[in-house]
Novice: 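Here's a structure for you.
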Amino acid sequence: MSAQEVRGAEITFDEFVTATAGRLLRTAVFLVYDRHLAEDLLQTAYERVARRWKRIAAGNPEAYARRVLVNLAIDENKRRARRRDFPAGSVADVERLAGAPPVAGAAGGDLDEVLRGLPPKQRAVVVLRYWCDLGEHEIAETLGISRGTVKSHTARAMTALREHLREGRADGR
Amino acid sequence: MDDELETLLRDHYRRGADEIQAGPDLVHRLQTAGREATVAPVSRFRAWTFPVFAGVLTAAVLVAVALLLWPGMPGRHEAPRPMGPPATGTPATGTPAPSPSVPADEARSSAPPSPSGTPSVTPSPTWSSPQPPIPSPTAKPSAPSASRPPASSGPSTPRPPTPSDTGLPRARKTAAGAASG
């Protein structure tokens, strides 16, 4: 995400949405791995931004929108994890979800599988660090956690990914 | 190893981002949602006005009906109930309790206690309906009833018993009238 963040001092809300929708949509997709859910979460985030537009327009509305979006995605991932523990649908639904192909809109592959398997906060830290190019301090502000927690989440996520790479190389030999 | 992993992650996200585009429809939808969210408080207030008003009205009607129909509410007169036989002031069986208002000397002089201790219960006419005037063949309708009571008007002609009478007091009276006449 190399594009300059949009400052809201002299733009309208519609212009802000036009400028940031693509970036925030990609962030949402990388967080939840579901295009439709990502659009819904992004819409909720923009609604919250619009309600506080007068207050946040002078500052950094994109950072605020991203913070809302990431926290919505973490909550949604936790909810989905709970639902996976206690499936509420029929047997056919569970089988269909278990054998679902890679979600459209997100790149497939083994790395995606590993990233999807990470806990919600670890996945959010990885996305904010390697997709949004945020530093530890900004990630801590976005998630509302300390820098030490950011470091530990990053370290655990990297360990899991390293393990995956090592296994992949071992399988390749 | 870490550098390699970081490069791999950045490439992975960059490749994935190429496939994810926000179309004009989505942008328009997001703009509309934001605009609607800013005006939502007023419309939400309007949307809830009618249900709240209907609820308040229903509650008021229910409270009013409950206040009107609740038995035993102050200021509400109950329907008259059919009365039983009147209480004579003394129980039918047992010793009469001395009343505190009457002095003991006066009570002793006015009414000596009966040896048995049980007061004599005299039958009384029922309270259900007032006694109708007893028709007598000799009594004229124009004559005032206070100057000449109907019981002493005609001793020779026995008065037929009325259904509302209990029988005993009137029978005593007629017997006394016959004895005196």
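Each chain gets a letter, A, B and so on, in the order its sequence line appears, and its residues count up from 1.
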Novice: So, do L9(B) and W131(A) sit near enough that their side-chain heavy atoms are less than 4.5 Å apart?
Specialist: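 When only atoms from C-beta onward are counted, W131(A) and L9(B) do not touch, as no gap falls below 4.5 Å.
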Novice: Taking R51(A) for its side chain and T38(B) for its backbone only, find out whether a donor-acceptor pair lies under 3.5 Å.
Specialist: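 No, because the side chain of R51(A) does not come within donor-acceptor range (under 3.5 Å) of the backbone of T38(B).
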Novice: Y130(A) versus D11(B): any side-chain heavy-atom pair under 4.5 Å?
Specialist: no
Novice: Checking E76(A) now: which residues fulfil salt bridge (charged side-chain N to carboxylate O under 4.0 Å, His left out) with it, not counting sequence neighbours?
Specialist: R79(A), R83(A)
Novice: Does D75(A) have any side-chain hydrogen bond (donor to acceptor under 3.5 Å, both in side chains) partners at least two apart in sequence or in another chain, and if so, which?
Specialist: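 Checked D75(A) against side-chain hydrogen bond (donor to acceptor under 3.5 Å, both in side chains); zero matches.
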Novice: Can you list the residues of residues 21-33 of chain B that sit under 4.5 Å from chain A, counting heavy atoms only?
Specialist: Q21(B), A22(B), L26(B), V27(B), R29(B), L30(B), Q31(B), A33(B)
Novice: Where on V126(A) is there a heavy atom nearer than 4.5 Å to chain B: the side chain, the backbone, both, or neither?
Specialist: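 Both the backbone and the side chain of V126(A) come within 4.5 Å of chain B.
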Novice: Within a 6.0 Å radius of atom CZ on R52(A), are there more than 12 heavy atoms belonging to other residues, nucleotides or ligands?
Specialist: no
Novice: For a quick test of reading the model, state the closest non-hydrogen atom pair linking G34(B) to A50(A) and the distance between them.
Specialist: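 It is O-CB, 3.2 Å.
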Novice: Roughly how far, to the nearest 0.5 Å, is the CZ atom of R26(A) from the CZ atom of R14(B)?
Specialist: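 Spacing of CZ (R14(B)) from CZ (R26(A)) equals 12.5 Å.
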Novice: Non-hydrogen contacts under 4.5 angstrom with chain A: give the residues of residues 55-63 of chain B involved, or none if there are none.
Specialist: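 Within residues 55-63 of chain B, near chain A: nothing under 4.5 Å.
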Novice: Given heavy-atom pairs under 4.5 angstrom as the criterion, report whether the side chain, backbone, both or neither of L115(A) touches chain B.
Specialist: side chain
Novice: Which heavy atom of H12(B) sits nearest a heavy atom of Y33(A), and at what distance?
Specialist: NE2-OH, 4.3 Å
Novice: How many angstroms lie between atom CD of E19(B) and atom CZ of R35(A), to the nearest 0.5 angstrom?
Specialist: 10.5 Å
Novice: Are the side chains of M158(A) and E6(B) in contact, using a 4.5 Å heavy-atom criterion?
Specialist: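 A side-chain contact under 4.5 Å exists here.
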